[in-house]
Amino acid sequence: MSHVLTVLPAAAGALTESGQTSTAEAVLFWVLGPIMVLAALGLLFARKAVHAALAVVLVMISLAFLYVAQGAEFLGVVQVVVYTGAVMMLFLFVLMLVGVDRSDSLVETIRGQRWIGVLAGLGLGVVLAGVVGRATYGTPAGIEEANAGSNPAAIAHLIFGQHVFAMEVVGALLVTAALGALVLTHRQRLTRKVGQRERAERRLREGGYPVSLPAPGVYARHNALDVPALDPEGRPIEASVPRVLRVRGQEADAREYAARIDRVLAGGWATGAGTFTSNRDVDDPHGRTAPTPGTPGTDATETDDEEGAR
Amino acid sequence: MSVLPAALTALPSAVGDGAVAPVVADFSNDVFWVWLLKAVAIIVFLLTSVLIAIWFERRVVGIMQLRPGPNVHGPFGLLQSLADAMKLLVKEDITVKAADKLVYILAPMIAVLCSLLVYAVIPFGPEVNIFGVITPLQLTDFPVAVLYILACASVGVYGIVLGGWSSNSTYPLLGGVRSTAQVISYELAMGLSLVSVFIMAGSMSTSQIVDSQTSVWWFLPLLPAFVIYVISMVGETNRLPFDLPEAEGELVGGYTTEYSSMKFAWFFLAEYINMLNVSAVATTLFFGGWRAPWPLSAINDGMFNTGWWPVLWFVAKVWMFMFLFVWIRGSVLRFRYDQFMKIGWKVLIPAALAWVVCVSLVQAARQLWDVDLRTLLFVLAGLVLVGLVVSFLVPEKKPAPEPGPTGPQEIDPFADGYPVPPLPGQVLPPSPRAQRRLAATATDAGDPSGPETPLEVRGG
């Protein structure tokens, strides 16, 4: 880190001396530099994986600004399109699927992992220091000459002329990697694929509910999600309340709402809750016959079974 | 390997004027207040356009569904979206307790900011005189302007994804994940469809692409690329029929479920500005940008292609695409998610790739043999036409007649577990009563081969 910090100002200074860097570019550098360093540190120290990913995004976009400021427009924009737009987005995709707010655990899963990591990091640092320290620069050609024609055209000449072999090798490597991923994750289908149609047919064959379930809460006063709908005979339909609420026991008392409709039908006035309860199985004011067995939604246990089958 | 350098040295001369001037528009006269004026004008244009777009969408969808749409506030209900904006402003701003606060607030800002950036490189017109300064009607342009648009779009998705994640709730997360997958897949198809325009125009700068459409607009010769772009632009903006990240029937409000008040309004604003953005890109790359449509462009030696006139054509074309958006919304049903992904990966991307190869071949042939573009296009169109005519002459292969049984078929109506009515050409087996009657007549007459009454029930 210290090595990089000593190199960066020197590089900026050198550019100023050669008359290449304008004041605006220097200001941009000194504004973006601290932001990038802070974001890079954020990557190391952020507790949540998504925050670390966001710090990397910030570094990448700032880097793109610097590229554009130095006349490498194509590189800067492609940096955002490819790295920020595609690669980091895929990272984020995986992170979000791994867990919504699970922080990294700091438990070592491999013995001595930390020391191996430190050693490898040190090795990389030494190699980088060696390369950067021994690098020599030729006389700069100048941005106008480098961008002769236009910036994308100049880069195209470099990539498909001077470095075409490396490009082809990298391309072959990437294609191989993608194919490898496909082969490794491919699974032979042993059974026939079950589609929407097959599932619907099977459900009906097993005597399931043929249409969508009734929506909960049919009354203007009680249209909350936990209030069961009433069937034409005034009895509550348990299946109309979402299964999650029923499992949690957050369902409203169905009998009470059934009782209310009884009172309304009997010419009474539904006042207050729970003051008057009637069991319509015992005294049925209209002398209606018992419900037809097998009618969907009449029997709580039956509908529950249907829910389970789905 | 020795062939390559030779080919490369030949390339600049072959590419021609494309490589000489990277950008056509001349910004050398611009001073501080000129570009400030242009930037402010773009923001004002976008915000007012969004207000009108919301009203426009509701009105047009209303007319398509035989109802008036908003018609109470202001003339023709024009002030309805203003009233809605005010309502959103004064609503209670709820920050979800379990949300990741920083990201939760940052997400709508990212979405809006990125959507506002795109119009910076869209040319509204040629050079005009603004208070004595001759300057193009465009904030800026550079050799990779269209890639810059793609970059802004891809960063803008972070707003949706992060909004979905930071709400710490199931439906928004699913919406965010869907939008990630959607945008990554459809941006590929979109980028590939734009590549053919780059190849034909020889540049990625917007002003030069408009300049290259003087004789013919690219949507005509590059029709397949244009179709792919239109499909993927709908997918990119999360509009119906591809609005799966916020599918109301499945995900409540998708990534916006936990957002309210101004933060929700920002997402809303970003969605509509993005519609304007992709419409402007379609106009610039495929529909001649600010150029006047054909009969008008010939009037008075191209008078309508100079001065402030082009702004009119540009805005009209953008609104044509906005109408297309509304039209699609009013007539197409939402796709199922797996169907949507299948279209993107198995149809659009291969088609776009194949088209890019075709265009490259044509362009290479053009440069090798020095053929005029118009001649080449006519030749290709003629080839396609001849192929079409020949395909009509080829006798249609008749499908083998199915060995269908003649006469009404008796079916078992309970074969699939539930009763189904007979279709035309099918009959139900005789009912129990009819069977008894048949048996009775058989015993009475003592004739086992009694008169059979066909009990055909027609389904229609």
Side-chain angles (χ1 to χ4, degrees), chain A residues 48-51 53-54 57 60-61 64 68 71-97 99-101 147-158 160-162 164-165 195-196 200-208 210, chain B residues 1 4-5 7-9 11-12 15 18-23 98-100 102-103 106 110 142-158 161-162 164-170 172-173 176-177 180-181 183-184 187-188 191 198 202-205 208 336 338 416-418:
Chain A
K48 280 185 182 168
V50 171
H51 288 176
L54 285 184
V57 169
M60 283 174 172
I61 293 180
V68 173
E73 293 124 351
F74 184 80
L75 190 58
V77 172
V78 164
Q79 158 99 4
V80 176
V81 173
V82 175
Y83 286 99
T84 319
V87 176
M88 269 326 282
M89 193 54 97
L90 279 177
F91 257 83
L92 211 59
F93 190 72
V94 173
L95 287 180
M96 292 194 324
L97 286 181
V100 177
D101 67 343
N147 282 348
S150 74
N151 180 256
I155 287 191
H157 279 282
L158 268 184
F160 295 109
Q162 208 172 327
V164 68
F165 188 65
Q196 207 173 7
E201 278 170 356
R202 195 184 62 202
R203 192 167 74 222
L204 286 170
R205 208 175 296 125
E206 289 166 358
Chain B
M1 286 301 281
L4 267 169
L8 281 168
T9 45
L11 196 65
V15 171
V20 175
V23 172
D100 191 318
L102 176 72
V103 182
L106 202 66
I110 295 176
F142 45 100
V144 287
V146 183
L147 287 187
Y148 158 82
I149 292 172
L150 287 181
C152 290
S154 63
V155 176
V157 188
Y158 274 92
V161 174
L162 294 176
W165 173 79
S166 66
S167 301
N168 207 348
S169 169
T170 314
L173 181 71
V177 167
T180 320
V183 169
I184 289 178
E187 211 168 54
L188 280 176
F198 302 158
S203 171
M204 288 183 272
S205 114
Q208 186 153 346
R336 213 170 61 200
D338 58 331
D416 282 331
Y418 50 93

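Here is the naming used below: chain letters follow the sequence lines, and residue numbers restart at 1 for every chain.
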In terms of heavy-atom pairs under 4.5 Å with chain B, which of A/Arg205, A/His51, A/Glu201 leads? A/His51
Greatest number of non-hydrogen atom pairs under 4.5 angstrom with chain A, of B/Gly176, B/Ser154, B/Gly191, B/Ser166, falls to B/Ser154
With a 4.5 Å cut-off on heavy-atom pairs, point out which of B/Val155, B/Asp100, B/Val103 contacts chain A the most. B/Asp100
Check each atom of [X] against the heavy atoms of chain A and say whether the ones under 4.5 Å are side chain, backbone, both or neither.
X: B/Ala181; result: both
X: B/Leu102; result: neither
X: B/Val161; result: both

Closest contact, heavy atoms only, [X] versus [Y]:
X: B/Val144; Y: A/Val77; answer: CG2-CG2, 3.9 Å
X: A/Met88; Y: B/Tyr158; answer: CB-OH, 3.1 Å
X: B/Trp165; Y: A/Lys48; answer: CH2-CD, 4.2 Å

Report yes if the side chains of B/Tyr148 and A/Glu73 come closer than 4.5 Å at any heavy-atom pair, otherwise no. no
Counting only non-hydrogen atoms closer than 4.5 Å, does [X] touch chain B with its backbone (N, CA, C, O), its side chain (CB onward), both, or neither?
X: A/Gln196; result: side chain
X: A/Val78; result: side chain
X: A/Val57; result: side chain

